[in-house]
Amino acid sequence: KLTLIRHGQSEWNLANRFTGWVDVDLTTRGIQEAREAARALKADGTEYDLVLTSCLRRAVRTSCLLLSGAGRPAVPMVKDARLNEQHAGALTGRNKRSLAKEHGHEQVMRWRRGFAVPPPPISTKAPLQSAICRDERYRRRPCAGGASGGPSQDVVVPRGETFRDCLERVSEVWSDTVEPALRDGKNVLVVSHGNALRALIKLVDGVSDEDAASTCPPHVPHAIPLVYSLDADLQP
Amino acid sequence: MLSLLTVTALALSSPVRPGGRTGARAAAARRPGGAVLLSEEAGDADAALAAAERELQIALAEAAAAREAASARKETAARAAAEEEAPHARLVLVRHGQSEWNLANRFTGWVDVDLTEQGILEAREAGRLLAAAGLEIDEVHTSLMRRAIRSAVLMLSTLNQCWLPVRKHLELNEQHAGLLTGENKVSCAQKWGVDQVMAWRRNFEDPPPEIAADSAIQRAIATDRRYDAARVPSRECLSAVSRRVAGLWEGTIAPALQEGRTVLVVTHGNTLRALVAYLDGLAPEDVYHVDLPTATPLLYEFDADGAGAEAPVAGLRHAREHGVWGEREGAARHGRFLVCAVPASAKRRGELRHSRGCVAG
């Protein structure tokens with residue numbers, strides 16, 4: 001079984017701003033949503049063998065709330081920067097509504113949902129971007145024994161990502177971590193972000209690039225578990 | 001495929017959602033595509049904009065503060081390195097925050113009780129103490145028990161390092177309390193006598209009586225998914241705990257220290273006793289006096305060379321001695337307790353009473 005879940009409502013979800021790699025926290029409502037999801041998972045009864053999440057606080061916090069609420073605090077949790085949200089470039093921090101006023105609602109929708117539409121790149125000197133670039137979590141962390149020791153080389157912080165870039169890195173996680181675990185018969189829980197999850201859904205459902213814009217769910221709801229029961233060929 | 005997804009999603013979604021303004025916006029947000037931007041009400045958007053501007057300022061201020069903190073740390077590190085005072089590696093041992101059965105004064109062992117409200121505050125405070133000491137953690141190791149995992153996560157969150165992998169090991173579990181599991185400590189003393197109970201609690205080779213395999217508590221532990229049933233004991237003495245921790249120490253923690261990392265170990269009372277005995281080279285009679293209060297970090301610093309006492313890691317020595325455990329002069333304590341300068345609140349007084357080392361800091 002593969003369960004995908006988006007983090008609970010974050011501070012910048014509430015403020016309707018592009019977040020990308022900025023490390024905002026959950027709101028009180030986001031915490032409640034995560035707890036409700038935990039109850040749903042507990043009721044569902046599936047025992048998870050592996051939890052994959054991103055390096056961002058809102059997803060990590062949601063995973064911890066999910067595990068603790070489902071009564072399974074000791075499940076191994078891997079925090080992978082490749083499951084981070086799509087980097088929003090210079091749109092990071094901008095309010096979506098005021099952007100629509102500036103650039104037109106069509107352009108904003110192209111940025112948000114387009115397949116290969118890059119956001120305007122953010123300058124590395126911008127305070128939000130330099131804080132991210134300098135963050136310790138994206139440095140190489142060689143760890144004594146165990147694949148869960150963090151990135152094996154420096155994670156290159158992008159200046160902006162298209163959905164396709166996000167898809168590429170999520171595919172890597174899929175093929176080197178999720179797929180082997182699923183083939184092993186393990187139940188995997190992935191806690192991640194809007195666009196990263198759209199990419200994963202595209203992978204699992206086997207949607208082609210051309211159909212992606214029209215078929216992929218445009219909005220993944222917060223903290224609602226999407227459970228895939230996969231057969232031996234990893235088909236839903 | 002999309003419809004299947006929606007059906008599954010709806011089946012699992014909770015019927016109760018918080019209502020009001022945010023609920024309305026969330027409902028609007030679920031409609032696909034352009035509806036998101038057009039359906040918000042003007043008043044909400046302005047308030048949200050103002051809130052958003054405030055938050056951008058906060059984010060920028062935080063980024064600036066983080067930059068300053070980082071450069072302050074680099075400065076201290078550079079200065080310390082220049083004076084050759086920076087230790088090669090650091091090890092922080094912390095006990096989890098107050099748990100439900102700490103409060104109820106019951107032997108816990110392998111039962112998976114949770115933290116109390118105070119325990120949560122204590123764990124956050126421990127995180128603040130670590131931050132105040134300028135520590136940047138490289139590795140986190142904890143047990144398979146909720147009270148320790150939760151404490152570790154709370155500490156990391158306060159340190160703003162919640163992205164660090166938290167490694168969970170059975171070897172760091174608490175000593176299995178056998179038949180004493182769940183018993184109130186005072187009534188045990190009445191049943192078996194104070195000396196016998198203290199011997200069970202503190203001595204190396206005195207295991208408590210075995211718990212029956214068919215008792216509810218033991219069955220719950222043995223059938224728990226997180227444990228391989230073959231490795232669940234029915235009781236443990238401190239030397240058994242020491243042996244299982246030694247395996248983890250040699251294989252994982254010691255190599256990390258040799259590489260110069262800062263390792264945080266969040267674990268339980270008796271496990272810490274075994275670890276400290278190993279680190280400080282204590283004789284069994286001195287182990288009796290080792291008692292770490294909940295959520296009080298004990299920082300060990302190691303030098304790669306120098307005049308300090310030999311540490312149980314090849315090639316490392318303790319940086320300095322900070323006191324003694326108990327009364328005997330030979331029972332050196334090489335770790336430094338991180339405590340706030342002013343005792344924070346009444347919660348600490350009861351804990352510090354019987355641990356001589358703590359007040360000296």
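Proteins get letters first, then strands, A, B, ... in listed order; numbering begins at 1 in each.
A distance of 6.0 Å separates CG of B:Asp224 from CZ of A:Arg72, quoted to the nearest 0.5 Å. Between the CD1 atom of B:Ile149 and the SG atom of A:Cys64 there is a distance of 9.5 Å, given to the nearest 0.5 Å. The line from CZ of A:Arg137 to CG of B:Leu164 is 9.5 Å long, rounded to the nearest 0.5 Å.
Of the atoms belonging to B:Asp114, not a single heavy atom falls under 4.5 Å from chain A. Interface remark: A:Glu106 contributes no atoms to any contact with chain B (heavy atom separation under 4.5 Å). Within the 4.5 angstrom heavy-atom criterion, no atom of A:Ser54 approaches chain B. Interface remark: A:Ala74 contributes backbone and side-chain atoms alike to the contact with chain B (heavy atom separation under 4.5 Å). Contact of A:Arg57 with chain B is made through backbone and side chain together, with heavy-atom distances under 4.5 Å. For B:Arg146, the parts lying under 4.5 angstrom from a heavy atom of chain A are both the backbone and the side chain. Residue contact with chain A, scored on non-hydrogen atoms closer than 4.5 Å, is absent for B:Ser143.
The candidate with the highest count of non-hydrogen atom pairs below 4.5 Å against chain A, out of B:Val166, B:Asn160, B:Asp112, B:Ile253, is B:Asn160. Highest contact tally toward chain B, considering only A:Arg134, A:Glu11, A:Glu47, is held by A:Glu47 [criterion: heavy-atom pairs under 4.5 Å].
Looking at heavy atoms from C-beta onward, A:Ser68 lies out of side-chain contact with B:Val153 at the 4.5 angstrom threshold.
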Evaluation steps, side-chain contact (heavy atoms from CB on, under 4.5 Å), between A:Asp135 and B:Trp163: CA-CA 11 Å; A:Asp135 197 311; B:Trp163 45 272; 4.2 Å; yes
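Using a distance-only test at 3.5 Å, with no hydrogens or angles considered, a donor-acceptor pair links the side chain of B:Lys168 to the main chain of A:Val75.
Applying the 6.0 Å contact sphere to CD of A:Glu102 captures more than 12 heavy atoms from other residues, nucleotides or ligands. Within a 6.0 Å radius of CZ in B:Arg225, other residues, nucleotides and ligands contribute more than 12 heavy atoms. Around the CZ atom of B:Arg226, the shell of radius 6.0 Å holds more than 12 heavy atoms that belong to other residues, nucleotides or ligands.
Remark: B:His88 pairs with no residue by the ring pair (Phe, Tyr, Trp, His ring centres under 6.0 Å) rule, at least two apart or across chains.
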